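Here it is, the structure in full.
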Amino acid sequence: MSDIVEKTLTALPGLFLQSQLGGGPAAAKASFSSRLGSLVRSITLLTSKHEEEKLIQQELSNLKVTVSAPTTTLKMMKECMVRLAYCEMLGYDASFGYIHAIKLAQQGNLFEKRVGYLAVSLFLHENHELLLLLVNTVIKDLQSTNLVEVCMALTVISQIFPREMIPAVLPLIEDKLQHSKEIIRRKAVLALYKFHLIAPNQVQHIHIKFRKALCDRDSLLTRSVDWTPTAQGFQGCDVEADRQAFGQENASGYKDLTGSFVTILKQVVGGKLPVDFNYHSVPAPWLQIQLLRILGLLGKDDRRTSELMYDVLDESLRRAELNHNVTYAILFECVHTVYSIYPKSELLEKAAKCIGKFVLSPKINLKYLGLKALTYVIQQDPSLALQHQMTIIECLDHSDPIIKRETLELLNRITNAQNVTVIVQKMLEYLHQSKEEYIIVNLVGKIAELAEKYAPDNAWFIQTMNAVFSVGGDAMHPDIPNNFLRLLAEGFDDEAEDHQLRLYAVQSYLTLLDVENAFYPQRFLQVMSWVLGEYSYLLDKETPDEVISKLYKLLMNNSISAETKAWLIAAVTKLTPQVHSSHTVEKLIQEFTTSLDTCLRQQAFELKHLQENVDLMKSVLPVGKSCDDMMVDASLSFLDGFVAEGLCQGAAPYKPHHQRQEEKLSQEKVLNFEPYGLSFSSSGFTGRQSPAGISLGSDASGNSAETGLKETNSLKLEGIKKLWGKEGYLPKKESTTRDGVDALPLPQETAALENVDQPVTKKDPPPALTPSREEKEKQLLASSLFVGLGSESTINLLGKADTVCHKFRRKSKTKETKSGEPTSAHPNSLSNASYEEDYYLDTLQDIGDKELKKISLDSELLDSESFTELHMVEKPSDCNLPRPSLFADNNLEIFHPSQSPGASVANEVSLAAALLEDPTEHMHSPVIEVCSNETISASSYKIWKDDCLLMVWSVTNKSGSELKSANVEIAPTEKFKITEQLESCLPVIEAESTNIFQHSVQMENPSTEGTLSGFINYQKMDSHSVQLEFSVTLSLLDFIRPLKISTEDFGKLWLSFANDVKQNVKMSASQAALPSVLKTLQHKLRLHVVDMIGTEGLLACQLLPSRPCLLHFRVHADVLVLWLRSSCSALPDYLLSQCQRVVEGS
Amino acid sequence: MQFMLLFSRQGKLRLQKWYVPLSDKEKKKITRELVQTVLARKPKMCSFLEWRDLKIVYKRYASLYFCCAIEDQDNELITLEIIHRYVELLDKYFGSVCELDIIFNFEKAYFILDEFLLGGEVQETSKKNVLKAIEQADLLQELLPTPPVI
């Protein structure tokens, strides 16, 4: 825009004179006619912010009077709205005018209406309550014969519209899709797209329409005569809506459209569109980019679909050679697509060249995007980083922090054990320069992660973490200190190594604390105090007493928060048993037993009492055993005598909390004169919740008063909890921690370290004629940064990274998986099991398949002990795997299928039984054949586990020869998260035998249903490999599990959830009673019945893994008022439609 | 697109369009922080920013900064072209547009924006069509009988 004359406001007063004498036409018009003009002018004449404020407040109060005066005409009102919008843009509150904006849109003539609508869209947002008043106006205008009115209505709908009113306008907008004017169709599509975003389930049927339209138009396209701008415009929008749909819908449903998209893109790239759609002589760039993005989504990990698009992508890469910004935009998208879809080496080569063009470009924007692209592809092709290493080094010292940050992100991706020190150092440098909190928090997390993963030695690790803690401060993610402490506490296999690390940490903290006037963030101090408390005993020189006095000094510091002080006192408490008698401890007790902070005070008292009994203290606070469990008498049986005595003396027996609660509640009900049903939220839940809170408080305080009375025994327990439970650190640990199975640390760390110190020189330096010293430095840096990359090491960087010594990899990881398995194997509760049984029988009856009953019986009869045994045997060897597969290799032995080829049903039965990990607990769907050919047949069934949906595929080899490299491959979708459970690629399936494959599936985004599709690959003896496609449908209900919560929790959760949906459903006559509805919902939808009060019922469920959804309903004659709430925005919508189906259907 | 802001070199907001529902307080906070960040950047620096979890694309035309917030998967370069197309539209409509035109006719600038971008998505990429739509709407109001001015 070189032709824009630069004019600034500072020159404004002068300009006015000019414009009045005949300056720019628009400015002149404005200065004469509008009162906005005079307002703007007077504002610019002011010098101070204060004056401006005064002036605008004055203006606003004038406006307030004007808009509410009955004599104000609509024309004046229009003018007022413009001024109000201006004031609001300057940051002043103009909410008094909102209602008038709506009125203006309602009553004004076209021009006034236009301003009214604009003001509404500027003032309000889609959740604003006043917006409801606009709905009627919008409906009227949509039905108007005046095109301009229709346009205005559609424009406002596409920007803000209340979600719950969508049904009122939906049919009208759908009609507009057939309108003769292009602009109207276009706006209608965008409005529908908007609806799709805010309430996806309301416009689900639209997708089919779009899809049909897309196909129709495709036939139009091929007869390019009909290729009109109209169609194209319409198309662009459709494509947009479809693209968005992919985000949530299963992409595979759209795969068949790939051909159409490719054809369209081919025509666009080939310049078949009218010139109107050219942008700087590039044909329809927006459409091109949309299409490329869609292709990227469609072709992801799908070879056959990808093959369709290779040609057109090649063409796009070739065509986009014009040196204009917009062609680069297309190129960038193209590169992205090429790397997203199933790879083709030729295309990848070209795309890599393109990335080179970006990276080497002198234009900074392109360079940035080049780095971004590199970051994206680096994991697929690390050699690309080597190619551009000098550019990357230059960017590392770029003056623009954004470029620097992107470069660091790139380096972060290529970090390995050999280059970690250099990369982390660069990151720390950047960290010290940044001020923005978001960046700091983000970067600190990355550094901590790298340090934990690749640290070459103890000193480096501790120092890096020190930097992380002191810079990251209190804003950083709490996981970082927690993980660090856990790492330190749990240690590694090598005791000497642990000892060294801890000692180093202790020493470094003592040095840090010695620095005068140093300021450390609270989090860091907490970490220090914990480490010092735990591991000071490792010190030789300094005595615990000296450490205590350092901690005491900190305690007396005013800038330390109460929370940190609690940590400090805890540390002192831990150290006290190691000194005989300390003056400092005495002082501390004296100081804090009178503290105003109750928590500190309590701790001080605990310390005081413990100190009086040294033996007890030593047994309670053993040295260096932070990870060991302590036996605690949780039933408090030693108090039985005390209780009995109390009862003898006439004390009331103890009632559990919930019982007291219920009693209180029933009393309340008597006194409640409000109609309970009418205002559910106020009288129902808040009423119930607040007394709970109060009594909880009194309960707790009662407890602490009691502890004061009791002897030191009880104090001991309290003390331990407080000391070690702070910040949630120190979770329950199992003694299995030390079974020493995870042989993680590999040797050669020292070698790796040396490598870094003396950069490897075998890499050819890039051709530089006579490298200056600066150059040399850079090359040196490069060689240290890119060490361990490149083709000679390994192609797959990720794979390598995993095998490289994870020196500090946490043990907890393996432990988590270990502890995860047994818990899932525990039977939950009897009620649950029986309910599941019910459900299963229901489904069975539904299907009416008698034979299957036998399967379940078989499975129940199966000896479950053998499985638990297997758990034990398998676990240790699994620990090194990232994901333990329970049956890894032994599975073949367990389920030897019967060899009779005819009895395939029996085969499956035994398989099904054998495969259920804990047959009595989890229910499964009937076995359905998903695909078959002459060689194999595959069937599948679902197991509804508590934590996921387990899809089991059993593949039977019907032929007489064995099959090689058989596997089941599930096409990844955006909708589901799929994890392979068993080893999915077995080398052979023997003749007439069956193999089992398992995938656990979780739903990523709620939707009614989705298709899971995949292939079975296998290879016959001496022949090519065969691929067999299959797909199964999963519904939302497959992922819904009961959520077992109490009524109180329900109340609390209910208030905390923002997304809610409410609807009235008519019930079928047969079940118009609360219990039967409850039963239906419980059985058909797997909801947990929380409570039933009068005509109301509360149910809870969760969408796996853990998205809760709460349901409240009330029965009125034959109408069911359903009200759902959840933390997840789309979930209530979908669940509601399921409920509706169930309740209306049966 | 999540929102679009136009502000002057002095940091004064000239136009704001929000395509995501936010409270006034959040809007003000975002505007303030963003204006500060963008104004602090030197002219030779990159037009893209990573700010919180958003991508910011900005460009300066004369004394005005045009600033868009886009989501992660969006294309930065094409967003620059969106800004450019909007400036072209303004330029064509006002005839060599300047900051003053936008200040004094800011409702017109909004009308043009609404014809070009609707609900955060590009509605019409043809310059001719956008201007035609605006002209039609402008023309209609002139044809209406205007009530006597008081």
Side-chain angles (χ1 to χ4, degrees), chain A residues 1 3-9 15 24-27 30-31 34 36-37 40 73 75 82 85-86 89-91 109-111 114-115 118 125-127 148 155 158-159 183 186-187 190 193-194 233 240 276-277 279 284-286 289 325-326 328-329 332-333 364-365 368-369 400 402-403 405 438, chain B residues 8-10 12-13 15-16 18-19 21-22 24 28 42 44-52 61-63 73 75-78 80-81 85 87 91 94-101 103-107 110-111 114 118-119 121-126 128-129 133 136-137 140-141 144 147 150:
Chain A
M1 270 307 90
D3 49 346
I4 294 183
V5 188
E6 179 160 343
K7 297 173 194 171
T8 61
L9 270 183
L15 274 169
S31 64
S34 84
L36 171 75
V40 174
T73 64
K75 192 170 179 190
V82 174
Y86 190 82
M89 185 163 68
L90 291 177
N109 63 30
L110 272 180
F111 190 35
R114 193 179 178 203
V115 173
L118 175 70
H125 54 82
E126 66 191 34
N127 304 324
V148 178
T155 306
S158 313
Q159 297 183 62
I183 186 167
R186 198 191 286 278
K187 281 179 194 281
L190 279 173
Y193 167 55
K194 172 81 179 174
E240 170 60 29
D276 257 6
F277 292 94
Y279 175 83
W286 279 277
I289 285 178
N325 203 1
V326 76
Y328 282 111
F332 186 73
E333 208 58 51
I364 188 153
N365 286 348
Y368 170 81
L369 288 176
D400 188 345
I402 296 296
I403 299 269
R405 204 168 127 201
Y438 189 85
Chain B
S8 71
R9 222 167 37 179
Q10 289 79 23
K12 282 246 191 297
L13 198 58
L15 203 89
Q16 56 174 347
W18 302 83
Y19 298 113
L22 289 170
D24 284 346
K28 270 185 203 165
K42 298 191 185 75
K44 282 270 169 66
M45 285 181 170
C46 180
S47 299
F48 316 128
L49 273 179
E50 273 161 59
W51 184 79
R52 302 210 189 152
Y61 287 92
S63 57
Q73 74 275 10
N75 189 316
E76 288 97 336
L77 284 172
I78 204 73
L80 269 185
E81 297 314 304
R85 178 40 64 94
V87 175
D91 198 48
F94 288 108
S96 181
V97 70
C98 69
E99 192 184 336
L100 292 179
D101 292 329
I103 299 171
F104 287 106
N105 298 286
F106 79 101
E107 81 273 20
Y110 276 121
F111 290 144
D114 282 349
L118 193 50
E121 300 291 334
V122 176
Q123 180 198 177
E124 174 61 78
T125 56
S126 155
K128 210 171 76 189
N129 287 356
Q136 266 173 356
L140 270 173
Q141 16 173 304
L144 282 171
I150 307 152

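Proteins get letters first, then strands, A, B, ... in listed order; numbering begins at 1 in each. Treat the numbers as computed from the prediction; the structure is a model and nothing was measured.
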Original post:
If every non-hydrogen atom of B/Gln123 is compared with every non-hydrogen atom of A/Lys187, which pair is closest and at what distance?
Top reply: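 For B/Gln123 versus A/Lys187, the nearest heavy atoms are OE1-CG, 3.1 Å.
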
Subject >> Close side-chain approach of B/Trp18 to A/His125, heavy-atom, < 4.5 Å >> reply: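 No, side chains not in contact.
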
Subject >> Backbone of A/Ala329 reached by a side-chain donor or acceptor of B/Asn75 within 3.5 Å >> reply: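 It does hold such a pair.
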
Original post:
Which atoms of B/Glu107 come close to chain A, meaning under 4.5 Å heavy atom to heavy atom: side chain ones, backbone ones, both, or neither?
Top reply: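 When you check distances to chain A, atoms from both the backbone and side chain of B/Glu107 fall under 4.5 Å.
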
Subject >> Heavy-atom check, side chain of B/Phe104 versus side chain of A/Val40, under 4.5 Å >> reply: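 B/Phe104 reaches A/Val40 side chain to side chain.
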
**OP:** Would you mind checking which part of B/Lys44 comes under 4.5 Å of any heavy atom in chain A, side chain (CB onward), backbone (N, CA, C, O), both or neither?
**Re:**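 The backbone, not the side chain.
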
**OP:** Take B/Met45 and A/Ile402 through the side chain to side chain contact (heavy atoms under 4.5 Å, CB included) test and state the conclusion after the steps.
**Re:** CA-CA 9 Å; B/Met45 285 181 170; A/Ile402 296 296; over 6 Å; no

Original post:
So, do A/Tyr438 and B/Glu50 sit near enough that their side-chain heavy atoms are less than 4.5 Å apart?
Top reply: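 No; the side chains remain at least 4.5 Å from each other.
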
Subject >> Side-chain heavy-atom pair A/Phe332, B/Ile78 within 4.5 angstrom cut-off >> reply: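 No. Closest side-chain heavy atoms not under 4.5 Å.
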
Original post:
Atom CD in B/Glu76, atom OH in A/Tyr328: separation rounded to 0.5 Å?
Top reply: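 Here the interatomic distance stands at 16.0 Å.
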
Original post:
Between B/Lys128, B/Glu124, B/Gln16, which shows the greatest number of heavy-atom pairs under 4.5 Å with chain A?
Top reply: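 Winner by heavy-atom pair count: B/Glu124.
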
**OP:** Of all the heavy-atom pairs spanning B/Phe48 and A/Tyr368, show the shortest one and how long it is.
**Re:**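 Smallest heavy-atom distance, with atoms named: CD1-CD2, 3.4 Å.
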
**OP:** For each of B/Leu22, B/Leu118, B/Asp24, B/Leu49, tally heavy-atom pairs with chain A at distances under 4.5 Å, and name the one with the top tally.
**Re:**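 Of the options given, most contacts go to B/Leu118.
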
Original post:
Looking at A/Asn365, A/Ile403, A/Ile364, A/Leu118, which makes the most heavy-atom pairs under 4.5 Å with chain B?
Top reply: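 Of A/Asn365, A/Ile403, A/Ile364, A/Leu118, A/Asn365 has the most heavy-atom pairs under 4.5 Å with chain B.
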
**OP:** Could you have a look at B/Gly119, B/Pro21, B/Ala133, B/Ser126 and say which one has the most heavy-atom pairs with chain A under 4.5 angstrom?
**Re:**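 That would be B/Pro21.
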
Original post:
Is there side-chain contact between A/Val148 and B/Gln136, with heavy atoms separated by less than 4.5 Å?
Top reply: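 A/Val148 does not reach B/Gln136 side chain to side chain.
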
Original post:
Taking C-beta and beyond as the side chain, do B/Asp114 and A/Gln159 meet within less than 4.5 Å on heavy atoms?
Top reply: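 Yes, side chains in contact.
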
Original post:
Is A/Asn325 close to B/Glu81 at the side-chain level, that is, under 4.5 Å between some pair of heavy atoms?
Top reply: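 In contact.
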
Subject >> Row check, A/Tyr279 ring normal vs B/Arg85 NZ/CZ: under 6.0 Å, within 45° >> reply: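 No, B/Arg85 does not sit over the ring of A/Tyr279.
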
